[in-house]
Amino acid sequence: MTAVVPARTPEQEFQDRIDADDRVEPRDWMPDGYRRTLVRQIAQHAHSEIIGMQPEGNWITRAPSLRRKVILVAKVQDEAGHGLYLYGAAETLGADRDELLDMLHTGRQKYSTIFNYPTTSWADVAAIGWLVDGAAIMNQVPLTRCSYGPYARAMTRVCKEESFHQRQGFEAMMTLCHGTATQKRMAQDALDRWWWPSLMMFGPNDDASPHSAQSMAWGIKRFSNDELRQRFVDATVPQAQFLGLTVPDPDLRWDGKHWISGAIDWTEFQTVMRGDGPCNRERLRHRVAAHEDGAWVREAAAAYADKHR
Ligand code: FAQ
């Protein structure tokens, strides 16, 4: 007698493909939850890139030299480009770009907490490149192996550009640290203010991260929030030491294998995520105004597209 093999459900077949490291492409069948999770993450990521233009954009007119200004303009433009690749990736899942932007503008979709802190000195621009882009790379390199093809391919290009951003930030930090005593103090002050928010970029601890387990099973996330945060701390503490700066964590210790951080202030993270951080309102106001000011560009592009259809 031949054994009856129960038919596999589409969900099981999909999971088999993921487990075999197969890439999912836009026209392939996928569970609704997989699609929703990707749209949520990719949209938040896209929003972070375009809101992330503001803290550094604030310093373009005050960059200390022509060379620094050229680098900064290129970097901020790159972030706009990253937003566009990501909105494009979300569209391949059936999302509507105007709706996503509306969700951002009305506070119904999140963007990274890190961009709600002010940039009060030039050293903050250096610290963002070094720490924020450094954290972004640590989080995004594994996303180049994400199971969803268009997101993975967008990340490959984004990571190349982020790596230039991180290097220019570290180099600017190095210049400040080898400069006058005032410049060194500016660099330390920037590290003091950006260190903890950078660690928060990786998201809540694993035991408080509602999406991680499913996202890892679906091959969207390849490592947990805490694993990536630990990699970032291990990579960055020696860089701070090389710069002659002190990481603002009195509990930081070496356990023979890793740099172990003190406790993160998750109340601050929740406050900023809720919309009550130092710059949340200003960032959204500025974004909405930029969108409204750009209406004529969208209208002109639509009219041109109509004429050449
Ligand atoms: N800020 O269950 P999890 C950049 C939310 S790009 C705000 O762990 P998940 C480039 C999370 O969305 C920076 N919200 O969620 C640049 C969820 O909310 P929901 C952005 C956060 O998705 C550099 C809830 O908490 N990068 O920096 C944050 O599995 C310089 C529960 O959390 C990306 O978006 C946060 N920090 O893991 C630009 C990378 N953390 O949806 C300009 C892609 C968590 O339930 C200048 N995204 N939340 O309402 C990811 O890898 C993931 O989405 C995580 C969160 C790891 C961020």
Side-chain angles (χ1 to χ4, degrees), residues 33 36-59 72 74-83 85-86 89-90 103-104 107-117 119 124-146 148 151-152 154-155 158-159 161-166 168-169 194 196-218 220-229 232 264 266 268-275 277 280 283:
R36 267 198 312 276
T37 298
L38 276 169
V39 171
R40 177 186 65 77
Q41 177 167 325
I42 297 174
Q44 288 178 4
H45 193 168
H47 300 331
S48 302
E49 298 282 357
I50 62 167
I51 295 269
M53 296 165 72
Q54 293 185 38
E56 290 166 284
N58 182 31
W59 279 88
L72 185 55
K75 178 181 190 302
V76 173
Q77 284 180 345
D78 284 350
E79 310 300 359
H82 299 172
Y85 311 151
L86 287 161
M103 304 254 261
L104 167 66
R108 285 175 295 144
Q109 262 178 355
K110 297 186 170 82
Y111 59 88
S112 183
T113 44
I114 190 75
F115 302 116
N116 293 304
Y117 292 86
T119 40
D124 291 4
V125 173
I128 289 177
W130 172 38
L131 299 173
V132 177
D133 286 277
I137 295 171
M138 205 53 98
N139 167 270
Q140 288 169 25
V141 166
L143 291 174
T144 63
R145 293 192 297 109
C146 158
Y148 187 59
Y151 191 26
M155 282 301 103
V158 166
C159 285
E161 293 173 357
E162 300 289 28
S163 125
F164 144 66
H165 297 170
Q166 196 273 348
Q168 66 81 36
W194 290 92
W196 291 106
S198 298
L199 298 194
M200 294 175 197
M201 282 177 74
F202 294 91
N205 284 140
D206 293 351
D207 55 7
S209 161
H211 303 299
S212 277
Q214 183 61 71
S215 287
M216 288 178 76
W218 275 331
I220 296 172
K221 284 166 102 164
R222 296 285 176 180
F223 298 97
S224 76
N225 297 354
D226 286 333
E227 281 170 326
L228 292 173
R229 189 172 8 252
F232 174 75
I264 292 176
W266 292 113
E268 175 180 325
F269 175 70
Q270 294 296 341
T271 304
V272 179
M273 202 161 63
R274 214 178 39 230
N280 293 62
R283 297 289 184 243

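Both counts, for ligands and for their atoms, begin at 1 and track the order of listing. As the structure is a computational prediction, the values presented were derived from the model and not from experiment.
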Review point. Nearest protein heavy atom to atom 24 (C) of ligand 1: under 4.0 Å?
Key: no
Check your understanding: Less than 4.0 Å between atom 54 (C) of ligand 1 and some protein heavy atom, yes or no?
Key ->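 Flag for atom 54 (C) of ligand 1 set to false, no protein heavy atom closer than 4.0 Å.
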In the protein, what heavy atom is nearest to [atom], and what distance, to one decimal place, separates them?
atom                    : answer
atom 6 (S) of ligand 1  : Gln140 NE2, 3.7 Å
atom 1 (N) of ligand 1  : Thr113 N, 2.9 Å
atom 31 (C) of ligand 1 : Pro210 CD, 3.7 Å
atom 28 (C) of ligand 1 : Phe269 CZ, 3.6 Å
atom 5 (C) of ligand 1  : Met273 SD, 3.7 Å
atom 42 (C) of ligand 1 : Glu79 CD, 3.4 Å

Which atoms of ligand 1 are found less than 4.0 Å from any heavy atom of [X]?
X      : value
Lys110 : 14 (N), 18 (O), 19 (P), 49 (O)
Gly203 : 40 (N), 44 (C)
Ser48  : 13 (C), 20 (C)
Met201 : 27 (O), 36 (N)
Phe202 : 56 (C)
Lys75  : 30 (C), 46 (C)
Glu162 : 10 (C)
Gly52  : 42 (C), 46 (C)

[X] side chain to [Y] backbone, donor-acceptor under 3.5 Å:
X      : Y      : answer
Arg283 : Tyr117 : yes
Ser48  : Ser112 : yes
Trp59  : Thr119 : yes

Revision key, fill the gap. Closest heavy-atom approach to atom 47 (N) of ligand 1 among Gln214, Gln41, Gln44 is made by Gln41
Exercise for review: Tell me which one of Asn139, Ile114, Ile137 gets a heavy atom nearest to atom 51 (O) of ligand 1.
Suggested key: Asn139
Where does [X] meet ligand 1, judged by heavy-atom distances below 4.0 Å: at the side chain, the backbone, both, or neither?
X      : value
Glu56  : side chain
Phe115 : side chain
His211 : both
Tyr111 : backbone
Leu228 : neither
Ser209 : both
Met53  : neither
Val272 : neither

Mind listing the closest non-hydrogen atom pair of [X] and [Y] along with its distance?
X      : Y      : answer
Val141 : Cys159 : N-SG, 3.7 Å
Ser212 : Lys221 : OG-NZ, 2.9 Å
Ile137 : Ser163 : CD1-CA, 3.5 Å
Pro204 : Asp226 : O-OD1, 4.5 Å

Rounded distance [0.5 Å steps], [atom1] in [X] versus [atom2] in [Y]:
X      : Y      : atom1 : atom2 : answer
Glu268 : Met200 : CD    : CE    : 4.0 Å
His45  : Gln140 : NE2   : CD    : 3.5 Å
Asn116 : Thr271 : CG    : OG1   : 11.5 Å
Leu72  : Glu56  : CG    : CD    : 6.0 Å
Met216 : Asp206 : CE    : CG    : 7.5 Å
Ser215 : Leu38  : OG    : CG    : 8.0 Å

For [X], is the nearest heavy atom under 4.0 Å from an atom of ligand 1?
X      : answer
Tyr151 : yes
His165 : no
His82  : no

Exercise for review: Assign the ring pair Tyr85 / His82 to parallel, tilted or perpendicular, where the plane angle (0 to 90°) is split at 30° and 60°.
Suggested key: tilted
Review point. Any idea how Phe232 and Phe202 line up, ring-wise: parallel (<30°), tilted (30 to 60°), or perpendicular (>60°)?
Key: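 Aromatic pair Phe232/Phe202 classed tilted.
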[X]-ligand 1 polar pair, N/O distance under 3.5 Å:
X      : value
Arg40  : yes
Met200 : yes
Glu49  : no
Ala136 : no
Lys221 : yes

Practice item. Show your reasoning for whether side chain to side chain contact (heavy atoms under 4.5 Å, CB included) applies to Ile220 and Tyr148. Key: CA-CA 7 Å; Ile220 296 172; Tyr148 187 59; 6.0 Å; no
Practice item. Any chance you could lay out the side chain to side chain contact (heavy atoms under 4.5 Å, CB included) test for Thr37 and Gln214, step after step, and finish with the verdict? Key: CA-CA 9 Å; Thr37 298; Gln214 183 61 71; 5.5 Å; no
Review point. Step by step, would you call Lys75 with Asp78 a salt bridge (charged side-chain N to carboxylate O under 4.0 Å, His left out)?
Key: CA-CA 5 Å; Lys75 178 181 190 302; Asp78 284 350; over 6 Å; no
Check your understanding: Should Asp133 and Glu79 be marked as a side chain to side chain contact (heavy atoms under 4.5 Å, CB included) after you check the CA-CA gap, both sets of side-chain angles, and the distance that decides it?
Key -> CA-CA 11 Å; Asp133 286 277; Glu79 310 300 359; 3.7 Å; yes
